[in-house]
Every structure is written in structure tokens, then in C-alpha cells.
Amino acid sequence: MKEIGHFINGKHVQGTSGRTSNVYNPATGEVQAAVALASDAELRAAVESAKAAQPKWAATNPQRRARVFFKFVELLNRDLNELAVLLSSEHGKTVEDSKGDIIRGLEVCEFVCGIPHLQKGEFTEGAGPAIDMYSIRQPVGIGAGITPFNFPGMIPMWMFAPAIACGNAFILKPSERDPSLPIRLAELMIEAGLPAGILNVVNGDKGAVDAILTDPDIGAVSFVGSTPIARYVYGTAAMNGKRAQCFGGAKNHMIIMPDADLDQAVNALMGAGYGSAGERCMAVSVAVPVGEETANRLVEKLIPQIESLRIGPYTDDKADMGPLVTKEAQTRVKGLIDSGVEQGAKLLVDGRDFKLQGYEDGYFVGGCLFDHVTPDMDIYKTEIFGPVLSVVRAKNYEDALELPMKHEYGNGVAIYTRDGDAARDFASRINIGMIGVNVPIPVPLAYHSFGGWKASSFGDLNQHGTDSIKFWTKTKTITSRWPSGIKSGAEFVMPTMK
Ligand code: NAD
């Protein structure tokens, strides 16, 4: 069986801990590889290689650092198909969707090609008599990224691209479910000209994460995954004196106003609810039609579309969505659907018994639609992370607004309407990080920043955009007086600019 080890100091390294985790083909249920789970010593070896390589990389001028990313982008484009197939083979999503995963990471690599400009500091000439004051942004040193299974291309690149462009060395701990693409990305970074030791990939589970969180040489940790682990990583990193940005789970609502273009809203719900089998942190999992008539018409239009979803393995290039990532995920999602039925929601489309001929052992769940869902039900409170859409009927705009406002999570939300005033009011009052107006999945582009509010995010700086440059650098401010020096002797009073 294929063994997936680590990538340390520019080379493949076999795991030595004796612990491994299975990597499946989610469409067939077959084990296709075993990924090594790193010990503390293996993580430490990666840190040592990062520590040795980082000072020289930080001293490399920013244009040269940028050129590695120009080349890396070229290589990603060259190998896009091959990379997408590799991703899909472990994740299960369609190859076209995997291309989107990679391209959303590639776009952040394009963004950091501007690092010479992005990392420029600030300068004030004549801040006082003969005094100049300037601030520079220096790399943190060694950064680490802990990433989820659902975007094994995009999220590692969201982290390592700005970190490395800023002059840091980086340790990536990918999800143990789909570890092959991250290793391939590290190989391509070497091919693009990155010195060995600047990007290390250490595979593992909680053991490797804890080794990162307590390592004295790692200065900053970026995490994306479920909320309980995000909260744990944030607290533990802070206790150990590290800066941390930790992004968690979600329950994204889409409000459909009575004046919305209903066909447009239905198409949006289909893509955002069932794309990638609902395994996206920006998936729409709650539809909130305003008014009974809107609700009835919406449900009527959704049912046939959900029933005709094409579900297949990643090798089916016409499939709309694939299987879930693991057997455990499949069992968990089906259990939540059962709970929805037990708690009184109306299951209008039931995908629990979906079976695909020839793929009976795959982790498929068919598209599901619940109507008359209420906020006290588990299917409303919990992030299902599967192809399940819940319709919560609202009487009016204020009731609709209140639902996402009161929900624990605050990642994304959307409103469908033709009324600019309602859209403006909604965007201004809602307590959620990313808002779509007639856009179902409002993931900001690379030069803006990505992040939710409430239990969807811990820490104060977002992913990519200028926030990422701040996160991966420390500010140093220099106050200098030239050329006369301290001629008039010591000053005992706090200096001010009065
Ligand atoms: P997960 O929390 O299970 O795993 C994420 C990472 O944490 C993995 O690398 C995993 O190895 C590690 N991990 C798991 N258990 C751990 C533990 N007990 N201690 C320390 N580390 C541990 O998440 P997942 O299932 O891989 O991903 C799905 C989740 O990620 C969903 O909740 C989804 O909403 C969320 N997500 C959020 C965003 C965002 O930007 N907010 C983006 C993508 C995914």
C-alpha cells in the first residue's frame, strides 16, 4: 500500500512514529494509502530545518521572494488537471470543483507576487527636531498552518503564500484525510525556486498539532477547521505565547425576499447547498423564504432539482456532487437527518438511502430537503456538513434577519432581493463576516480578506488580503535622531511632540 510520509528540508521523509491513518477513496470506500502521523521528534526536525533556512530567506530581497510565486503560479497552471485529480481522488469532490479549490489558492499566490509593495513600511520625516520615525514589517520567523480536509489546496495556500512571501519559514500540518495534494504543492514550491526548509509538510493528528502549539520556535499559528478545535487551538496557542488566527464552522443562511428573482435564488441554493456535497464552510445550509407564498413557490421549485441531482464518483465528469469524505461523516450526516425527522421537520426529499450502482461501498448521501425547520431543532443548530438544506419559514424581513443574527455561527450569509434599501439595511445590521447580495457564496477575493464572526472565528486578523501581511509580520518602529545626537545632555521628562 502507498505510504505518505512528510516533506522536510526539501525532501520526502518516511514516518518513523509507527502510527498511521488510512486515506480512502470516498467513492469506493477502499483504503488507498496510509499517511504517517508525526511524533514530537518529527515535528521538531521540521522546525530545525525551518530555523536554519529562515534567516537567509528573510534577507532575500522581496522581489526575489515574489519571483518564486510568479513561477509557482505558472507551475500550478501547468499542472492544474493533474493536481485536481489528485485532490479529488482523496477528497471525493468533482474534478471541476477541485480545480476551483486550487485556483482560489493560486489567486492568493498571485496576490503575494505584490509582496515588495505589500510589505513596505511607513516613514515620517521630521517627526521631531532632527527626528525621523519609521515602521518596518519583519517576518514572525516560523509560522505554522493546520488545515481542514475540505479545501486541501486552497487553505494551505491561503496560509503559506503570505507567510512565506513575508520572509517566514512555514510548517504545514494538513488534514490526515487528504494529505497528498499539500505535499505535491511543497514539491512545486521547490521547483519554483524556494530554498529547502522554508516550506515543510508534517502529516499528523492531534499529536502533531499539540507539538506545534507548544513548540518554542513557532511564533504564529493559523488554523482552519471545526469550531471546538479552533477554540482549543486559539487558547492553547495564546497560552504558549503565539499569535493565532483560528477559523471554525458555519451555518450560512440565505434570505429570499418576496421580490427576489426566484429562479436565480433556486439556482444559487442548488450550487451553494449541494456543491461539494455541502462540505464547504461557506455552503448555504439554511434557506429563509420571507412570507408563505415565497416559501411555497421556493420549495416547489427546489424539489425536482434536488431529486435530479447527478451524484457520482470524481471520475464522472458530469456529476454535480460526489460522496462525503469518510464513513464517519456519512454516518454522522444520516444521524442528523434522522434527528430532523424525529424532531418534527418535514423531509421533502430524502437522500438517506441513495445507492450508486458499482459504488455501493462509497460514502454517498443523496440530496435532502427539509421544510418547516425551527431554531430549536438539532438540524438547525448544528453544522451538518452534508447535502442537506433546511427551509426555515419567516413571516417578515425582521424575523428573517433575526435568525442568522441569533445563530451561534457567523461565517457567511446572503440575501436575495431586488430592493437595494433592504439589501443595504441587511448588510449594515447583520452580525456576520461575509455578506452576499444576490451572491450565494460570498468568499472574498484574494486582495480582500476572508473571515467570519462569532463562533466561526477566533483572533482578530483574517486570511489573505492585507490582514494576512499583518498577521505574518511583526511591526518594529524606529525613532532616530541624526546627525547631531544628544548634544544637550540627558532628558528626564517623557519626550512628547508638544
Ligand atoms: P477538523 O476540526 O476535524 O480538523 C481540522 C484540523 O484539525 C485537521 O488538520 C485535524 O488533523 C486537526 N484536528 C482534528 N482533531 C483535533 C484535535 N482533537 N486536536 C488538535 N487538532 C485536531 O475539521 P475538518 O473536519 O477537517 O473540516 C471541516 C470543518 O472545517 C467544518 O467545521 C468547516 O466549517 C470548517 N471549515 C471552516 C472554514 C473557515 O474558513 N471558517 C473553512 C473550511 C472549513
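First listed ligand is number 1; within each ligand, the first listed atom is number 1. Everything numeric in this text was worked out from a predicted model, so none of it was measured.
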How far is atom 28 (C) of ligand 1 from its nearest protein heavy atom, and which residue and atom is that?
Phe385 CE2, 3.6 Å
Looking at ligand 1, does any of its N/O atoms fall within less than 3.5 Å of an N/O of Ser226?
yes
What residue and heavy atom of the protein are closest to atom 19 (N) of ligand 1, and at what distance?
Lys206 CG, 3.4 Å
Among all protein non-hydrogen atoms, which one is nearest to atom 35 (C) of ligand 1, and what is the separation to 0.1 Å?
Gly225 O, 3.1 Å
Distance to the ring centre below 6.0 angstrom and angle to the axis at most 45 degrees; does that hold for Lys93 and Phe151?
yes
Parallel under 30°, tilted from 30 to 60°, perpendicular over 60°: which one fits the rings of Phe458 and Tyr234?
tilted
Should Glu383 be counted as touching ligand 1, given the test is an N or O pair under 3.5 Å?
yes
Just to be sure I'm reading this right: ignoring hydrogens, which of Pro148, Gly248, Gly249, Gly204 gets closest to atom 37 (C) of ligand 1? Compare them by their nearest heavy atoms.
Gly248
Ring-plane angle category for Tyr409 and His407, please: parallel below 30°, perpendicular beyond 60°, tilted otherwise.
parallel
Return yes if some donor-acceptor pair links the side-chain N/O of Lys173 with the main-chain N/O of Leu43 below 3.5 Å, else return no.
no
So for Gly452, does at least one of its heavy atoms come nearer than 4.0 angstrom to any atom of ligand 1?
no
Are any of the N/O atoms on Asp205, whether in the backbone or the side chain, positioned under 3.5 angstrom from an N/O atom of ligand 1?
no
Which ligand 1 atoms does Asn411 reach within 4.0 Å, using its non-hydrogen atoms?
41 (N)
Enumerated ligand 1 atoms positioned under 4.0 Å from heavy atoms of Glu176
10 (C), 11 (O)
Can you tell which of Val224, Ile229, Leu213, Ile146 gets a heavy atom nearest to atom 5 (C) of ligand 1?
Val224
Asp210, any N or O under 3.5 Å of ligand 1 N or O:
no
Asn150 to ligand 1: N or O pair under 3.5 Å?
no
Looking at atom 7 (O) of ligand 1, tell me if a protein heavy atom falls under 4.0 Å from it.
yes
For Leu172, is there any backbone N or O sitting under 3.5 Å from a side-chain donor or acceptor partner on Asn200?
no
Check for a donor-acceptor pair, side chain of Asn252 on one end and backbone N or O of Cys281 on the other, with a separation under 3.5 Å.
yes
If you measure every N or O of Phe450 against every N or O of ligand 1, does any of those distances drop under 3.5 Å?
no
Nearest heavy atoms of Met321 and Gly367, plus distance in Å:
CE-N, 4.1 Å
Taking the six-membered ring for Trp and the single ring otherwise, decide whether the centroids of His253 and Tyr380 are under 6.0 Å apart.
yes
For ligand 1, indicate whether the residue Ile155 contacts it via side chain, backbone, both or neither (heavy-atom separation under 4.0 Å).
side chain
Among protein heavy atoms, which sits nearest to atom 21 (N) of ligand 1, and what does the distance come to when rounded to 0.1 Å?
Val209 CG2, 3.4 Å
Nitrogen or oxygen atoms of Phe149 and ligand 1 under 3.5 Å apart:
yes
Check the angle between the aromatic planes of Tyr363 and Tyr24 and answer parallel, tilted or perpendicular using the 30° and 60° thresholds.
perpendicular
When you compare ligand 1 with Cys281, is there at least one nitrogen or oxygen pair between them that comes in under 3.5 angstrom?
no
Tell me if the centroids of the rings in His464 and Phe111 come within less than 6.0 Å of each other.
no
Taking Lys242's backbone N and O only, do any of them form a donor-acceptor pair with Asn240's side chain (distance below 3.5 Å, no angle check)?
no
When the aromatic ring centroids of Trp472 and Phe170 are compared, is their separation below 6.0 Å?
yes
